[in-house]
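Inspection log for the structure reproduced underneath, given as structure tokens.
Here, residue 1 is the first one in the sequence, and each next residue gets the next number. Order of listing sets the numbers, starting from 1, for every ligand and every atom in it. This is a predicted model, so every value here is computed, not measured.
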Amino acid sequence: MTIEYKSLPNKPRYEYAKNKAYELLDRLNIKSYPIDLNYVFETLGIKLISIQAAEPLLSASPEISSLLSVKAFQDKSIDALTTIIPTFGYVTFYDYSKSNERIQFTLAHELGHIILDHCLDFKETQYFRSKMTESQYKVLEKEADTFAGAFVRPANLVMSVNEKYTPLTVFNVSDLFSISLDAASVCLQIVNKFCQNPRLKNEERINFVESQFYEFLNAKYCTICGCTFVSSSAKYCPICGNTPLKWNNNSVSFIEFYRINVGGQTVMNYNTYPVNPITGAVSECPQCENEITHSEWNYCPICSLPTLNKCSSCGKQLAPHFRYCHECGKESIYFLENALKSWDVEAARIKAELEESNMPNSYDILY
Ligand SMILES: [Zn+2]
Ligand SMILES: [Zn+2]
Ligand SMILES: [Zn+2]
Ligand SMILES: [Zn+2]
């Protein structure tokens with residue numbers, strides 16, 4: 001069998017590299033960040049071996065051990081290397097001693113070489129790129145970097161976050177995607193470029209990230225009552241009416257955003273009520289607890305509460321436990337009818353229950 005090799009590209013194929021990254025996000029159904037790259041390599045069947053773990057095994061193959069020893073990595077100051085070992089397939093070796101943030105981008109870069117078929121398409125890249133010129137090598141490096149950037153921290157996603165919430169700082173981007181501050185800064189430069197020149201924006205990719213990462217992007221947190229929910233249109237908290245809402249993302253440490261584990265506020269789970277999945281009407285009356293057995297009933301036959309909760313001002317249909325309309329901020333009819341307690345009454349009950357469950361058992365013996 002003869003292999004048809006392609007000729008090496010003269011210029012980096014930036015769009016090709018980005019498309020491949022987005023295709024992989026879609027194929028692996030990745031919906032949140034940071035990405036677990038160990039999982040990605042495992043799912044794709046690519047062996048990922050730290051150079052530290054591989055070194056004892058390399059004595060069996062002297063011709064690759066000179067390239068793959070810890071010392072060779074240090075001497076050449078490289079972080080990783082990908083190759084195809086006959087009968088073994090793709091193997092990525094990486095330096096485990098580097099920081100996690102650096103490893104994240106490095107592994108995505110190596111994945112780029114694999115997904116872009118750099119090791120298969122070109123005759124010159126067989127056996128450790130020994131037959132490439134420096135400029136040919138740089139072209140492939142830029143392609144792998146472009147893939148890695150789009151895969152591990154899509155600038156389009158950062159742009160969407162910035163439009164919805166307080167713009168992310170370089171520290172936020174580093175936390176969020178688990179990448180180095182340098183890599184985060186490159187990402188924000190790309191975002192700036194898009195914002196200054198909207199013609200560079202790619203609508204298809206923006207639409208992709210907004211649907212692929214819908215929950216990740218639209219998860220909200222209220223700093224007043226501590227509730228969380230997912231909505232792309234919410235401007236007001238449906239429980240306490242507060243505005244503006246924060247982005248609910250544990251990886252990002254916003255200045256005003258403290259959770260119980262860092263000494264701040266906890267997530268509060270307010271009572272919800274079962275609904276008919278088709279009509280959205282309650283299947284049990286929140287006011288008198290009567291079972292609503294007929295889906296066509298508009299009112300509870302016992303206490304005459306409407307079976308649908310709505311905004312008293314704009315008429316939007318709301319979940320039964322919403323005290324306020326998340327779009328216009330006005331009271332819901334359930335709240336006006338006193339079918340729902342004020343949020344702070346319920347919050348006090350939830351807090352008391354939490355404290356009780358955290359209390360040490362009375363027979364704990366302390367020495
Ligand atoms: Zn590379
Ligand atoms: Zn609230
Ligand atoms: Zn009722
Ligand atoms: Zn409303």
Can you tell me if, anywhere in His326, an N/O/S atom lies at a distance from the Zn ion (ligand 4) that is smaller than 2.8 Å?
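Given the 2.8 Å cut-off, His326 does not count as a ligand of the Zn ion (ligand 4).
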
For the atoms SG of Cys285 and SG of Cys300, give the angle they form at the Zn ion (ligand 3), rounded to 10 degrees.
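It is 110°, given to the nearest 10°.
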
Where the Zn ion (ligand 4) is the corner point, what angle links SG of Cys311 with SG of Cys314, to 10°?
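Reported to 10°, the angle equals 100°.
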
Can you tell me which residue among Lys341, Lys351, Arg323 is in a salt bridge (Lys or Arg N to Asp or Glu O under 4.0 Å) with Glu346?
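Testing Glu346 for a salt bridge (Lys or Arg N to Asp or Glu O under 4.0 Å) against Lys341, Lys351, Arg323 leaves exactly one candidate, Arg323.
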
Aromatic ring pairing Phe216/Tyr33, orientation class (parallel under 30°, perpendicular over 60°, tilted between)
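Ring orientation of Phe216 relative to Tyr33: perpendicular.
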
Let's go through Glu42 and Leu48 carefully: what are the C-alpha distance in whole Å and the side-chain angles of both, what is the deciding distance for side-chain contact (heavy atoms from CB on, under 4.5 Å) to 0.1 Å, and is it a yes or a no?
CA-CA 8 Å; Glu42 203 183 304; Leu48 185 59; over 6 Å; no

Establish, yes or no, whether a centroid distance under 6.0 Å links the rings of His326 and Phe322.
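For His326 and Phe322, the ring centres are under 6.0 Å apart.
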
Does Cys222 bring an N, O or S atom to within less than 2.8 Å of the Zn ion (ligand 2)?
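Here the distance criterion (N, O or S atom, under 2.8 Å) is met by Cys222, so yes.
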
